[in-house]
Amino acid sequence: MRLTILAAVLAVGATACGASDPAPQGQASSPTGSATPTSASASDKQEPTVKAELTMQGKPGLGLLAATNESSAPITFQGWPRLAFTNPANEPAAIPVEQKLVPGEGPSITLQPGETAFAGVQLDVDDETGSFAINEMTAELPGMTPVKVKFIGTDGQPITDLTTMKVSEAKVGTMQPAAQGVLVFD
């Protein structure tokens with residue numbers, strides 16, 4: 001009984017004094033005494049400059065996605081990049097993208113300016129009826145705005161005409177701080 005009364009008294013006292021207490025670090029006190037974060041909400045997307053390149057490997061459709069922070073501030077993200085495709089008419093192409101745990105769970109990554117993170121991408125390239133000719137691919141890092149992906153051929157040169165590439169589906173691995181193991185799809 002004493003414990004219940006003491007807890008109630010402490011709760012009433014804390015509520016009455018809440019407006020005069022300083023807000024915790026990283027939060028601002030509002031006139032009503034409730035704390036509001038000073039940073040953007042989780043639904044807002046960071047808009048740093050990110051360069052994304054997909055370097056094709058020797059195996060058809062296999063590519064190494066490299067995302068480089070070109071802004072002046074660090075960026076932090078975790079998980080899979082979201083891939084989207086357009087067809088030659090610049091309309092969305094309905095290409096399913098499967099997220100794979102390759103090479104494993106994606107750690108939280110903080111990229112300083114100039115640093116790069118990696119993910120493996122496996123495009124199912126064929127001439128089947130369910131395939132789409134693509135015009136471009138975008139990659140959206142978790143919490144970021146989508147960026148156009150520059151395709152690089154196995155010869156190290158940019159692929160300028162993607163319309164010859166017909167894709168029926170794609171797989172993407174988790175973003176990793178190093179390229180090791182990101183291309184090992186089952």
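Position 1 is the first residue of the sequence; numbering continues from there. Side-chain atoms are counted along with the backbone in the values below, which use heavy atoms only and exclude waters and symmetry mates.
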Looking at Gly61 and Met56, what are the two nearest heavy atoms and their distance?
-> C-CE, 3.7 Å
ILVMFWY network linking Phe151 to Leu62, side-chain heavy atoms under 4.5 angstrom = no
Shortest non-hydrogen contact from Trp80 to Lys100?
-> NE1-O, 2.8 Å
Could you verify whether a donor N or O on one side chain and an acceptor N or O on the other, from Thr76 and Thr110, lie under 3.5 Å apart?
-> yes
Hey, are Asn87 and Asn135 close enough side-chain-wise for a donor-acceptor pair under 3.5 Å?
-> no
Distance-only polar pair, side chains of Thr138 and Glu140, donor-acceptor under 3.5 Å = no
Linking I/L/V/M/F/W/Y whenever any side-chain heavy atoms sit under 4.5 Å apart, do Met165 and Val97 land together?
-> yes
Report the C-alpha distance between Thr174 and Val102 in whole Å, list the side-chain angles of each, state the deciding distance to 0.1 Å, and finish with yes or no for side chain to side chain contact (heavy atoms under 4.5 Å, CB included).
-> CA-CA 6 Å; Thr174 55; Val102 174; 6.0 Å; no
Crowded around Glu98 CD? As in, over 12 foreign heavy atoms under 6.0 Å?
-> yes
Which heavy-atom pair separates Ser131 from Ser168 by the least distance, and what is that distance?
-> OG-CB, 3.5 Å
Between the NZ atom in Lys59 and the CZ atom in Phe185, the distance rounded to the nearest 0.5 Å is 9.0 Å
In one Ile/Leu/Val/Met/Phe/Trp/Tyr side-chain cluster, 4.5 Å: Leu123, Ile159 = yes
Met175 to Ala67 - nearest heavy-atom pair and separation = CE-CB, 4.0 Å
Look up atom CD in Gln112 and atom CG in Asn69, then write down how far apart they are to the nearest 0.5 Å.
-> 8.0 Å
side-chain hydrogen bond (donor to acceptor under 3.5 Å, both in side chains) partners of Thr163, counting only residues at least two apart | Asp161
Transitive ILVMFWY side-chain link Val172 to Leu141, under 4.5 Å = no
Gln176 (side chain) donor-acceptor with Glu105 (main chain) under 3.5 angstrom = yes
Given the rule in the side chain to side chain contact (heavy atoms under 4.5 Å, CB included) test, do Leu64 and Leu54 qualify, once you have shown the distances and angles that lead to the verdict?
-> CA-CA 5 Å; Leu64 176 66; Leu54 184 69; 5.7 Å; no
ILVMFWY network linking Val121 to Leu101, side-chain heavy atoms under 4.5 angstrom = yes
Minimum heavy-atom distance between Glu169 and Ile95, given as atom pair plus value | CA-CG2, 3.7 Å
Between Lys148 and the options Glu136, Lys51, Met137, the side-chain contact (heavy atoms from CB on, under 4.5 Å) test singles out Glu136
CA sep, side-chain torsions, deciding dist, call: Phe118, Leu65, side chain to side chain contact (heavy atoms under 4.5 Å, CB included) | CA-CA 6 Å; Phe118 306 90; Leu65 179 66; over 6 Å; no
Which value, rounded to the nearest 0.5 Å, describes the distance between Lys171 atom NZ and Leu83 atom CG?
-> 13.5 Å
So, do Gln78 and Pro107 sit near enough that their side-chain heavy atoms are less than 4.5 Å apart?
-> no
Side chain to side chain contact (heavy atoms under 4.5 Å, CB included) between Phe77 and Met144, worked out = CA-CA 8 Å; Phe77 53 88; Met144 310 286 167; 4.0 Å; yes
Can you measure from OG1 (Thr154) to CD1 (Ile152) and round to the nearest 0.5 angstrom?
-> 11.0 Å
Between Thr68 and Glu70, is there a donor-acceptor pair closer than 3.5 Å when you use the side chain of the first and the backbone of the second?
-> no
Taking all atoms of both residues into account, what is the closest heavy-atom pair of Pro177 and Ile109, and its distance?
-> N-CD1, 3.7 Å
